[in-house]
Every structure is written in structure tokens, then in C-alpha cells.
Amino acid sequence: MLELMICSLVTILPDYLYRRYVQGKRFGKEITFFSIWYELRWGITACLMLTVSLITMIFYFHPSTSSATLYFRTVPILPEGSGRVADVKVGFTAPVKKGDVLFTLDSSKQQAAAETAKRKVAEVDAAMQTAQADVVKAEAQIGEAKANYQQAKDELEVKTELQRRNPGIVPQRDIEKLQVLVDQRQAGIDAASAAKQAASLQVSVLLPAQKASAEAALDQAQVDLDKTIVRAGVDGRVEQFLVRPGDVVNQLMRPAGVLIPEGAGRKALQAGFGQIEAQVMKTGMVAEATCISKPWIIIPMVITTVQDYIAAGQFRSGEQLIDPQNAVRPGTILVFLEPLYKGGLDGVTPGSSCIVNAYTSNHEEISAKDTPTSRKIVLHVVDGVGLVHALLLRIQALLLPIQTLVLSGH
């Protein structure tokens, strides 16, 4: 409507003034409701053509969208396991810091497992002391066996020497018995040495391995016990936290609540523009935004990122073929905008709906010396009509709260 009124000032109005003051035609006489089209045909035709051209130029080179929102990330509050809530540390809504305890689960099973693992470690420590005592005992047995062996060997050597000097003085049967006794004492030494080696292996290899396994089981039990304490992963705010003692929570079916990270939705605004405007949407374009949660305020913005893909075209492997006809609604060009000045989004509630205007700038091409004069004039007109779109945005900012109240039924 504003475009039509502006165009009529330079088309229909001059045509009427010519008819009125040059040709002397007046409303109600020569110019009536039935003859107005014939009398002002040039002005009306020029007005319609200029209006269509102006609207096309404005919405192509200076695109606008009402599909703009301050999206914010949420972190689901989930335990790493499942269980029944034992205690809740925060209320329905509250600010939290990273590491703060949100709630705890029933940990009787995990505590029992941790206590069992502790007892296993203590048992291995006791076995370690017993094995060390066995090593000392084996060393003593080795010394005793060596002494007995040496005694039997000396007696054998003495009687063998006597038999060599005076054959028949010592019965041959006694010498054979002493030889068997020496072999027996040697076997005792070997047995004591093997017992010592076995005890040493228990002290140096087996029991340390068992202790490491017991300590690993204790660590695992402690980890499972720590999982019953659910903490905040980031600084932020807990909202609509309705979990209470006795509730059962798990990862798949029932999250405990939502944690909104600090600063989420307060740094950038996301807007979706029509696909026809993909050629003019560039990083660095100046834009303006007005939001329902901060009415009557125009926020200067700048486009920082233009997404290279349209979400409507995404797919993933499945058992059905893709039919483009199923994509009923065409996707939009997603752009990210940030305030041109620090604190520009202060007071805008994350998640609120906004209207965004982006403005094409041809200043560099106009300033170039090799740009033809005719093109400079056209580019000046293109940049100039952005003022009309900026005026439209300010009118929308004034009417947006009223429109919202009417649509909400108040």
C-alpha cells in the first residue's frame, strides 16, 4: 500500500493536475466514477507499472522475512544410567554453575558394589602379606634342607673314604643308604626352592595382578556410584524442572529436565529468506530487525553467515526412494545475523519472533571509475529504494504489538 501511495504521487497526481488545471476537467463533472479510468488512464497505468517494479525491486534487492527467531541450544538433563530419584537439589527454575548437583538417584546397589570391591582389595592385601610370610618360610626351609643335605653328604664322604682305605670296614649297604639319603636331601632342597619361587611369583606377579583387578573393579564401582549424582554440565539455567523424589528417570524414555546454557540465544539471530533471494544474500550485508519481545525498537544487524544448503533438500539412506513432489513447502536460505553494535540484542527474549530486512549495498561498484554512468544511476535507484523498505519495517515495528494482541485474541 505504501508503495502504491508513493508511486501515485509521481503518476496519478500529475495526470490529475494536468486534467484539472490545463484541460479544466473537474471531479463530479467531466471526471466521474465511470470515466476516471479513461480520463486518468495514463497515470493509473504508469502507477501500476511503477508500483509492481518498485515492489519487485525492493523485495529482490532488499529482501525481508518474518521467519526470524533467536534460536537457543538446550541441554537435556539425563543420568548416565537409570534409577529412582532420591533427592532433588534445585527448584522449578534456578541458575546453576558447572558441577552443581541437580539431583541424586538411589545408590544402594552401587554402594554395595563399591563396598564389595573395597573388601576385595583388602583381601588381596592380606593375601600379599601371607605370601610374603610364605617366602620367608620357604627361605628357612631351604636353609634347613641344605644343612641336612650337607650333613648326609659329609657322612657319605667319610664312609666312602674309609671303605676306600680299608675295604670291608664299612658295609656296602650303609654306603648305599647314605647315597639315597643324600639324594633325598637334594630333592628336599629342590622342593623348598620351588616353594620359594611359587611364593615369590605370588608376591611379584599374581597378587599384584589380582590387586590391580580389584582396584579396577573398585574404580568401576566408584564410577557407577558417582553416576547416581547428576551434575550440571555447563553454566546456565534450569527451567521447568519437575522431577521429584520417587520419580524414575532414564536416558531413553524420561529425561529429568532441560538446562539452558548461559548466553544461549543472545548472540545471533537466525532468519530464513526466500530461495529467489539466494543471489543477493551475501555475508556482510547490513540488516535491521524488530522483535515482538522488544517492540518499537529497530536493531541494526549484519549478516555473518549464509548457509550454503537448503534444509528441504536433505535426505538420509532408507528403504524408500525420494520423490521431490513430497517436498510441499520450499525451503529457505538460512542466514545468521549478529548485532552491529555491542548489546544490540539486550532485552530480546531468546526464542521470540522477529522481522528482518536485509539491504543490498552497491557503494563499491558505484564508486568504481570503470562503472558506466547509466549503471551508476540504476544502482543508485536500487540502493535508494531501500529507504522505502526501511520505512516499511518501522511501520511494522509500530503495528507489530497490536497485530500480536489481535492474533492472540486479547
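Because the structure is predicted, anything quoted here is derived from the model rather than measured.
- Applying the side chain to side chain donor-acceptor pair (under 3.5 Å) rule to Glu364 yields no partners; only residues at least two apart in sequence or on another chain are considered.
- The salt bridge (Lys or Arg N to Asp or Glu O under 4.0 Å) analysis of residues 255-274, with sequence neighbours excluded, yields no pairs.
- Taking all atoms of both residues into account, the shortest heavy-atom contact from Thr228 to Ser107 is OG1-CB, 3.6 Å.
- Partners of Glu115 under the side chain to side chain donor-acceptor pair (under 3.5 Å) rule, at least two apart in sequence or in another chain, are Arg119.
- At least one side-chain heavy atom of Leu105 sits less than 4.5 Å from a side-chain heavy atom of Val85.
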Which pairs would a plain distance check flag for residues 59-66, meaning a side-chain donor or acceptor within less than 3.5 Å of a matching protein atom at least two apart in sequence or in another chain?
unit_1, atom_1, unit_2, atom_2, d
Tyr60, OH, Gln279, OE1, 3.3
His62, ND1, Thr360, N, 3.2
His62, NE2, Val382, O, 2.6
Ser64, OG, Val356, O, 3.4
Ser64, OG, Asn357, OD1, 2.7
Thr65, OG1, Ser67, N, 3.0
Thr65, OG1, Gly272, O, 2.7

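- For residues 372-395, every residue pair satisfying the salt bridge (Lys or Arg N to Asp or Glu O under 4.0 Å) rule, not counting sequence neighbours, is listed here: Glu288-Arg394, Glu365-Arg375.
- When all heavy atoms of Thr74 and Pro261 are compared, the pair lying nearest together is CA-CD, 4.3 Å.
- Screening residues 348-402 for disulfide bond (SG atoms under 2.5 Å apart), with sequence neighbours left out, gives Cys291-Cys354.
- Partners of Ser361 under the side-chain contact (heavy atoms from CB on, under 4.5 Å) rule, at least two apart in sequence or in another chain, are His363.
- The salt bridge (Lys or Arg N to Asp or Glu O under 4.0 Å) pairs that include a residue from residues 88-98 are Asp87-Lys89, where partners are two or more places apart or lie in different chains.
- Partners of Tyr341 according to the side-chain contact (heavy atoms from CB on, under 4.5 Å) rule, which considers only residues two or more places apart in sequence or in another chain, are Pro300.
- The list of side-chain hydrogen bond (donor to acceptor under 3.5 Å, both in side chains) pairs with a residue in residues 294-312, not counting sequence neighbours, is empty.
- Partners of Gln210 according to the side-chain contact (heavy atoms from CB on, under 4.5 Å) rule, which considers only residues two or more places apart in sequence or in another chain, are Val124, Leu206, Leu207.
- Gln129 and Asp125 are not linked by any side-chain donor-acceptor pair at a separation below 3.5 angstrom, with hydrogens and angles left out of the test.
- Residue pairs satisfying the salt bridge (Lys or Arg N to Asp or Glu O under 4.0 Å) criterion with at least one member in residues 340-358, sequence neighbours excluded, are absent.
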